[in-house]
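Contents: one structure, followed by commentary.
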Amino acid sequence: MKRKIVAAGALAGLGLLNAAPALADDINPPKGTTPAVGMAYLSSTDSLWLAGPRANEGVLVNASDGSTVSFSGKPKSVQALSSFSNRLWVGDIGDKDSSRESITVFRLGSVEGERSTYQSYAFSYEDGSHHAQAMAISGRGRIYIVTAGSGAAVYRAELEPSRQRVNKLTRVADAPEGVTDAVFLADGSTLALRCKEGVVYLDAWNWERLLTQTIIGAPEGESIAANNEDALFVGGNSRIRRAYVPSSDETIKVSQPSASPSGSPAPSASPTASAAEEDSPRDDKSAPPMSGTLIALSLAGVVALAAGVITLVSKR
């Protein structure tokens, strides 16, 4: 595990903590591509992909230009989209009637071209069927599913699931109410959950809540995605806001888009503190390592002014 330890003298610069770069314009996906049940950012193509109205047909769409990629896996109820190792992973995890013996996650081969090959993995919960709307993949590629409704919880898959059998999902933590999407930050162990409150950040080592960004005025059922620098994309019903991981608990108010000419950018949400860059994502074989991203966030505005920065590098 790599972690930055900053000398005490660096705390003198905490007054800069609230400084944040201006956010880019919101993304207004092409007509007919939203609402989206899931979003994922692919660094290889610098693009944001959506699981939109045609997701159950095996069709995913690029949020910027409306181009599509399809696969022939015949999903039943797509509810989430994630990325790992420059591949899209489709979460066919919906089960409102709790009637499915197993759920499926599809791993696409490529988004280059109109059709993609895929691999599929079947999963079942250790404690019976559940409806879920959120899936995230940790730094080493472990799949996590967050269930909805009464007794909502976070479930963890085996690190290397088999394609030859149904894999078990193990319950590891309670989940906040109304989780509609999830994504791991760049450190591979900080889990951001878009839920009824707003966005809740959990340390996936001990499952403690790290901070909460309360969101007022946003539509229900929003999705969340993040790029390699922890810049966030939140929304999908119908616009997508650009945001950043906050450095502490906060409350933001989201303005709804007004009736403006087609193609005009909608107002952006209030900017939040920029996230500090982390090194390669990571995970532990039994549980993800303790998060370093949010610790680094609280110091991001002061490192440049600090003297005597000490870097300690270790691996878990």
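The structure displayed is predicted, hence computed values, not measured ones.
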Short side-chain donor-acceptor distance under 3.5 Å, [Y] and [X]:
X	Y	answer
Asn86	Ser43	yes
Asp249	Tyr201	no
Asp187	Thr190	yes

For the backbone of [Y] and the side chain of [X], can you confirm whether one donor and one acceptor N or O come within less than 3.5 Å of each other?
X	Y	result
Asn167	Ala122	yes
Ser116	Ser110	yes
Ser83	Arg87	no
Asp97	Ser99	no
Arg140	Leu159	no
Asn237	Pro35	no

For [X] versus [Y], what's the shortest heavy-atom pair and its separation?
X	Y	result
Ala218	Ile215	CB-CG2, 3.7 Å
Tyr121	Pro161	CE2-O, 3.7 Å
Val90	Met135	C-CE, 4.0 Å
Ser129	Arg100	OG-O, 2.7 Å
Leu185	Val245	CD1-CG2, 4.0 Å
Glu197	Thr212	OE1-CG2, 3.9 Å

Is [X] linked to [Y] within one hydrophobic cluster, defined over Ile, Leu, Val, Met, Phe, Trp and Tyr using a side-chain heavy-atom separation of less than 4.5 Å?
X	Y	result
Val172	Phe123	no
Ile27	Val61	yes
Val59	Val105	no
Leu88	Ile137	no
Val200	Tyr144	yes

Find the distance between [atom1] ([X]) and [atom2] ([Y]) and round it off to the nearest 0.5 Å.
X	Y	atom1	atom2	result
His131	Ser98	NE2	OG	9.0 Å
Lys253	Thr214	NZ	OG1	14.5 Å
Asn62	Leu50	CG	CG	8.0 Å
Leu191	Leu210	CG	CG	10.0 Å
Thr104	Lys74	OG1	NZ	13.5 Å
Arg239	Asp25	CZ	CG	11.0 Å

Are Arg165 and Glu158 ion-paired here, with the side-chain N under 4.0 Å from a carboxylate O?
-> yes
Would you mind checking if Glu222 and Arg241 are paired as a salt bridge, meaning a charged N to carboxylate O distance below 4.0 Å?
-> yes
State whether the number of non-hydrogen atoms from other residues, nucleotides or ligands found under 6.0 Å of Glu177 atom CD is greater than 12.
-> no
Report, as yes or no, whether the 6.0 Å neighbourhood of atom CD on Glu126 holds more than 12 heavy atoms from other residues, nucleotides or ligands.
-> yes
I'd like to check [X] versus [Y] (side-chain heavy atoms, cut-off strictly below 4.5 Å). Are they in contact?
X	Y	answer
Leu169	Arg156	no
Val199	Leu193	no
Leu211	Pro246	yes
Glu112	Thr45	yes
Ile216	Val254	no
Trp89	Ile143	yes
Lys31	Ser238	no
Val154	Trp207	yes

Only one of Asp26, Ile224, Leu48 passes side chain to side chain contact (heavy atoms under 4.5 Å, CB included) with Ile240, and that residue is Leu48
Pairs meeting criterion ring-ring contact (aromatic ring centres under 6.0 Å, His included) with involvement of residues 51-86, two or more places apart = Phe71-Phe106, Phe71-Tyr118
Can you tell me which residue pairs pass the ring-ring contact (aromatic ring centres under 6.0 Å, His included) test with a partner in residues 34-57, sequence neighbours excluded?
-> Tyr41-Phe233
Derivation of the side-chain hydrogen bond (donor to acceptor under 3.5 Å, both in side chains) call for Ser77 and Gln79 | CA-CA 6 Å; Ser77 180; Gln79 295 293 326; 3.2 Å; yes
Assess the pair Tyr125 and Tyr155: is the distance between their ring centroids shorter than 6.0 Å?
-> yes
Steps toward salt bridge (charged side-chain N to carboxylate O under 4.0 Å, His left out) verdict (Arg194, Glu220) | CA-CA 10 Å; Arg194 181 65 177 100; Glu220 296 182 357; over 6 Å; no
For residues 40-69, which residue pairs qualify under salt bridge (Lys or Arg N to Asp or Glu O under 4.0 Å), counting only residues two or more places apart or in two chains?
-> Arg54-Glu57
